[in-house]
Amino acid sequence: MVRGANAWYKPFKFFLSIGIFAWTMGYFTGYLPISNAVSSYSWMVIILLGFLELYIAVQAGRGQLSHYNSSTPFYGFLLFLMIVSAVVVTLWTAYIGLLFCSTDFPDLPGYYVLSIRLSIFLFVVFAFQGASMGSRQSHTIGGPEGGPALPVTHWSTKYGDLRIAHFIGIHALQILPLLSYYVFRSIPAVIILSLAYGVLAVFSLVRATAGKPLIPYRS
């Protein structure tokens, strides 16, 4: 157990989330013209996020923290490398988003292309929102970590939890394009959907910073 949770929960969560992210961006970049920027991005994701996953798994196996762990100079250095890796991946993903905005896709529906562009924008914003947890060395606001929580996600139902907005925002990358392609098949609908989704992410962030759970605990 680490901070009241099974040590292997964090590696499982990150392996799943990073795997979905890598598959999604690999799919999206397949629409772009082949270039050194796209190829370098793929290798950067493999190397930097691979390092992240390896370190998180090793620390879980040792029953130690990976995130928020600067208890020794060595752990502090590894934490710094984790931060740098996450920042580089996020900034390069933003650059891929710029490529999507400056490239024409005549064979793809306009509403689908727009959803990809907007989803990358939301991903970048809320990926950087993760820094709010790093600066606090905690994801809980208003009380200690642990306590009543939702199953699977372990989001607090008693205090504010910064992970919720982070999760909602970064997974716009999958949700918006899927909904636009299969359900909301028009540009106005995609714009409204994206605005509503962004409002939901911001609302969950405001709730968390106020120390309030998104879904209150019922005893």
Please determine whether residues [X] and [Y] belong to a single hydrophobic cluster, defined as Ile, Leu, Val, Met, Phe, Trp and Tyr linked transitively by side-chain heavy-atom distances below 4.5 Å.
X: Ile46; Y: Leu81; answer: no
X: Tyr27; Y: Ile96; answer: yes
X: Trp8; Y: Leu54; answer: no
X: Ile20; Y: Ile170; answer: no
X: Phe126; Y: Leu91; answer: yes

When you measure from the side chain of [X] to the backbone of [Y], do you find a donor-acceptor pair of N or O atoms at a distance under 3.5 Å?
X: Ser204; Y: Ala201; answer: yes
X: Thr90; Y: Ala86; answer: yes
X: Asn69; Y: Tyr75; answer: no
X: Thr157; Y: Pro148; answer: yes
X: Gln59; Y: Leu65; answer: yes
X: Arg207; Y: Pro213; answer: yes

Any side-chain donor paired with an acceptor under 3.5 Å for Tyr41 and Thr93? yes

Kindly give the heavy-atom pair with the smallest separation between [X] and [Y], and that separation in Å.
X: Ser115; Y: Pro177; answer: OG-CA, 3.4 Å
X: His154; Y: Asp161; answer: O-OD2, 4.1 Å
X: Ser194; Y: Leu118; answer: OG-CD1, 3.3 Å
X: Ala22; Y: Val45; answer: CB-CG1, 4.3 Å
X: Ser119; Y: Phe28; answer: OG-CE1, 4.4 Å
X: Ala37; Y: Trp92; answer: O-NE1, 3.8 Å

Report yes if some heavy atom in the side chain of [X] is under 4.5 Å from a heavy atom in the side chain of [Y]; otherwise report no.
X: Arg117; Y: Cys101; value: yes
X: Tyr111; Y: Pro188; value: no
X: Ser156; Y: His139; value: no
X: Arg185; Y: Ser180; value: no
X: Arg163; Y: Lys13; value: yes
X: Leu162; Y: Gln129; value: yes
X: Tyr197; Y: Leu176; value: yes

From CA spacing to verdict: ring pair (Phe, Tyr, Trp, His ring centres under 6.0 Å), Phe100, Phe105: CA-CA 9 Å; Phe100 264 96; Phe105 302 92; 5.2 Å; yes

Give, for atom [atom1] of [X] and atom [atom2] of [Y], the distance between the pair rounded to the nearest 0.5 Å.
X: Lys10; Y: Ser66; atom1: NZ; atom2: OG; answer: 5.5 Å
X: Ser42; Y: Met25; atom1: OG; atom2: CE; answer: 9.0 Å
X: Trp155; Y: Thr140; atom1: CH2; atom2: OG1; answer: 13.0 Å
X: Ile168; Y: Leu200; atom1: CD1; atom2: CG; answer: 4.0 Å
X: Leu214; Y: Thr153; atom1: CG; atom2: OG1; answer: 10.0 Å

Within 6.0 angstrom of [X] [atom1], more than 12 heavy atoms from elsewhere:
X: Phe15; atom1: CZ; value: yes
X: Ile34; atom1: CD1; value: no
X: Phe128; atom1: CZ; value: yes
X: Phe121; atom1: CZ; value: no
X: Tyr9; atom1: OH; value: yes
X: Phe80; atom1: CZ; value: no
X: Lys212; atom1: NZ; value: no

Apply the side-chain contact (heavy atoms from CB on, under 4.5 Å) test between Met82 and each candidate in Val87, Leu48, Ile56; give the one that qualifies. Ile56

Per the side-chain contact (heavy atoms from CB on, under 4.5 Å) rule, which among Leu178, Leu179, Leu173 passes with Ile175? Leu179

Going through the checks in order, is the side chain to side chain contact (heavy atoms under 4.5 Å, CB included) test met by His166 and Ser132? CA-CA 10 Å; His166 186 63; Ser132 62; over 6 Å; no

Within the 6.0 Å centroid threshold, strictly below: His67 and Phe14: yes

Can you confirm if the aromatic rings of Phe123 and Phe21 lie within a centre distance of less than 6.0 Å? yes

Any idea how Tyr31 and Tyr112 line up, ring-wise: parallel (<30°), tilted (30 to 60°), or perpendicular (>60°)? perpendicular

